[in-house]
**Student:** 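Below you will find the structure I want to go over with you.
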Amino acid sequence: MANDQNFADIDLTNATLADLENLDFNAILGKDISEYNLSPNLPDGTYLFHIEKLDRKDTAADTENEKKARIHANLQLKAHRATQVHAADIDLATLEGRTHFESYNVLSDFGVQGIIKLVLGVVGVSFKDKEAIKQVGSSVFALLNQLISEKVIFGAQVKTVERGGYENCNIVLKEKSFIAMDAAAELL
């Protein structure tokens, strides 16, 4: 089959079978192997997100390898818009709709602190303001469910760090790295 159409020219959200028939494997997989991006991570930058869902993953203890049992709260976030990225050669529009994942072991203090900092960053409450935190007046789980059900938009900086040969792309859990939901809504 001839390559009658460029793969990049097809809107996959509305593609018909006729659109796909005009593509051959060479149009899709014909670039030099070094030209493909093998990282599913978002490039470092600041994004407007909403939390799409919360999943739970349980892992039993592994006594042979001295690993404790874990319960991970896995968050799936949808990027609405990139407000800035550190790589100059990236078209910001190509990042819209991308999915980002965050995972927190909620059986550890570090994991619970991380998910609380995320929620506080979304609602715009200082991590150090104990009175403001009391005013939030809800459980972390209830707040997460509310943010998910209302598709609350917020901004956050993501950064990729390499450790042990693996790349981890995570939200930076510092107050200044968030755009609270009120300010984020104005940016859309």
Side-chain angles (χ1 to χ4, degrees), residues 37-83 85-86 95-185:
N37 179 2
L38 299 179
S39 174
N41 295 337
L42 288 171
D44 290 1
T46 304
Y47 298 84
L48 298 180
F49 293 109
H50 80 268
I51 303 171
E52 285 203 317
K53 67 180 181 176
L54 167 66
D55 289 322
R56 175 181 166 153
K57 181 182 178 203
D58 298 359
T59 306
D62 180 357
T63 55
E64 287 182 25
N65 294 311
E66 298 180 16
K67 294 194 178 206
K68 296 179 182 180
R70 298 176 302 279
I71 295 177
H72 278 96
N74 296 322
L75 299 173
Q76 181 178 325
L77 290 74
K78 183 67 78 177
H80 286 269
R81 193 176 100 190
T83 61
V85 292
H86 297 273
L95 301 171
E96 292 176 17
R98 292 269 305 266
T99 301
H100 173 74
F101 299 95
E102 286 287 315
S103 184
Y104 302 93
N105 177 4
V106 294
L107 294 182
S108 75
D109 289 341
F110 184 75
V112 171
Q113 291 166 3
I115 206 162
I116 289 171
K117 286 180 177 181
L118 174 75
V119 169
L120 292 175
V122 171
V123 298
V125 172
S126 171
F127 302 172
K128 297 174 185 171
D129 188 342
K130 294 184 187 290
E131 287 304 313
I133 293 171
K134 285 182 188 177
Q135 296 299 315
V136 173
S138 187
S139 75
V140 177
F141 184 62
L143 282 169
L144 274 173
N145 282 323
Q146 183 177 359
L147 295 172
I148 293 166
S149 68
E150 295 177 12
K151 296 187 187 282
V152 172
I153 305 295
F154 67 98
Q157 181 182 11
V158 297
K159 184 171 182 163
T160 301
V161 177
E162 188 175 330
R163 286 188 198 120
Y166 294 98
E167 287 184 345
N168 292 312
C169 179
N170 293 307
I171 288 179
V172 177
L173 295 174
K174 296 181 180 178
E175 284 184 53
K176 65 182 181 180
S177 299
F178 285 93
I179 302 170
M181 57 188 189
D182 295 339

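Here the structure is a predicted model, which means the values were calculated and not measured.
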**Student:** What is the minimum heavy-atom distance between I148 and K53, and which atoms define it?
**Tutor:**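 That would be CD1-C, 4.0 Å.
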
**Student:** Does the side chain to side chain contact (heavy atoms under 4.5 Å, CB included) test come out yes or no for L144 and L75, once each step is laid out?
**Tutor:** CA-CA 10 Å; L144 274 173; L75 299 173; 4.2 Å; yes

**Student:** Of all residues at least two apart in sequence or in a different chain, which pass the side-chain hydrogen bond (donor to acceptor under 3.5 Å, both in side chains) check with Q157?
**Tutor:**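 side-chain hydrogen bond (donor to acceptor under 3.5 Å, both in side chains) list for Q157, sorted by chain: S177.
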
**Student:** To the nearest 0.5 Å, tell me how far I116 CD1 sits from Q113 CD.
**Tutor:**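 Answer rounded to 0.5 Å: 7.5 Å.
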
**Student:** Considering residues, nucleotides and ligands other than D109, do more than 12 of their heavy atoms fall under 6.0 Å from its CG?
**Tutor:**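 No.
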
**Student:** First locate atom NZ of K174, then atom NZ of K159, and finally report the distance between them rounded to the nearest 0.5 Å.
**Tutor:**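 Answer rounded to 0.5 Å: 8.0 Å.
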
**Student:** Which pair of heavy atoms, one from A69 and one from L107, lies closest together, and at what distance?
**Tutor:**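 Scanning both residues, the minimum pair turns out to be O-CD1, 3.9 Å.
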
**Student:** Assess whether side chain to side chain contact (heavy atoms under 4.5 Å, CB included) is satisfied between F178 and L173, documenting all intermediate values.
**Tutor:** CA-CA 8 Å; F178 285 93; L173 295 174; 4.0 Å; yes

**Student:** Inspect the contact between D55 and K57 and indicate whether a charged nitrogen and a carboxylate oxygen are less than 4.0 angstrom apart.
**Tutor:**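 Between D55 and K57 there is no salt bridge, as every charged N stays at least 4.0 Å from the carboxylate O atoms.
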
**Student:** Quick one: do L147 and F154 satisfy side chain to side chain contact (heavy atoms under 4.5 Å, CB included)? Show the steps, please.
**Tutor:** CA-CA 10 Å; L147 295 172; F154 67 98; over 6 Å; no

**Student:** So which atom in V123 and which in A180 form the shortest heavy-atom distance, rounded to 0.1 Å?
**Tutor:**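 Residues V123 and A180, closest heavy atoms: C-CB, 4.2 Å.
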
**Student:** Measuring from N74:CG to N105:CG, what's the distance to the nearest 0.5 Å?
**Tutor:**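 Interatomic distance, N74 CG to N105 CG, rounded to 0.5 Å: 10.0 Å.
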
**Student:** Nearest 0.5 Å, please: how far is CZ in R81 from CG in L95?
**Tutor:**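 L95 CG to R81 CZ: 12.0 Å, rounded to 0.5 Å.
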
**Student:** So how far is it from L48 CG to E96 CD, rounded to the nearest 0.5 Å?
**Tutor:**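 So the gap between those two atoms works out to 10.0 Å.
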
**Student:** Is a donor on one side and an acceptor on the other found under 3.5 Å between the side chain of E102 and the backbone of I171?
**Tutor:**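 A pair under 3.5 Å: yes.
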
**Student:** Step through the shown structure and confirm whether more than 12 heavy atoms of other residues, nucleotides or ligands are within 6.0 Å of CZ on F141.
**Tutor:**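 Count not over threshold, so no.
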
**Student:** What about H100 and F49, are their ring centers closer than 6.0 Å?
**Tutor:**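 Centroid separation for H100 and F49: below 6.0 Å.
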
**Student:** For residues T160 and E167, report the shortest heavy-atom separation together with the two atoms involved.
**Tutor:**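 So the two residues come closest at CG2-CB, 3.9 Å.
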
**Student:** Identify each donor-acceptor pair in which a side-chain atom of residues 127-135 lies under 3.5 Å from a protein atom, sequence neighbours left out, and give them as a table.
**Tutor:**
from : atom 1 : to   : atom 2 : distance (Å)
D129 : OD1    : E131 : N      : 3.3
D129 : OD1    : A132 : N      : 3.1

**Student:** Taking all non-hydrogen atoms of both residues, which atom of I179 and which atom of A184 are closest, and how far apart?
**Tutor:**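 Looking at all heavy atoms of both residues, the shortest contact is CG2-N, 3.6 Å.
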
**Student:** Checking R70 side chain against Y104 main chain: does a donor-acceptor pair fall under 3.5 Å?
**Tutor:**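 No, because the side chain of R70 does not come within donor-acceptor range (under 3.5 Å) of the backbone of Y104.
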
**Student:** Kindly indicate whether the side chain of E175, heavy atoms from C-beta on, has any atom under 4.5 Å from the side chain of S126.
**Tutor:**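 Yes; the side chains approach each other to less than 4.5 Å.
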
**Student:** Strictly distance-based, threshold 3.5 Å: is any side-chain N or O of T83 a donor or acceptor partner for the main-chain N or O of T46?
**Tutor:**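 Confirmed, T83 side chain pairs with T46 backbone.
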
**Student:** Can you name the closest pair of heavy atoms from S103 and H72 and give their distance?
**Tutor:**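 Shortest heavy-atom contact: OG-CD2, 3.1 Å.
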
**Student:** I'd like to know if the side chain of K78 and the backbone of G97 have a donor-acceptor N/O pair within less than 3.5 Å.
**Tutor:**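 Judged by distance alone, yes, a pair lies under 3.5 Å.
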
**Student:** Between atom OG of S149 and atom CD1 of I51, what is the distance when rounded to the nearest 0.5 Å?
**Tutor:**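 Result: 10.5 Å between the selected atoms.
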
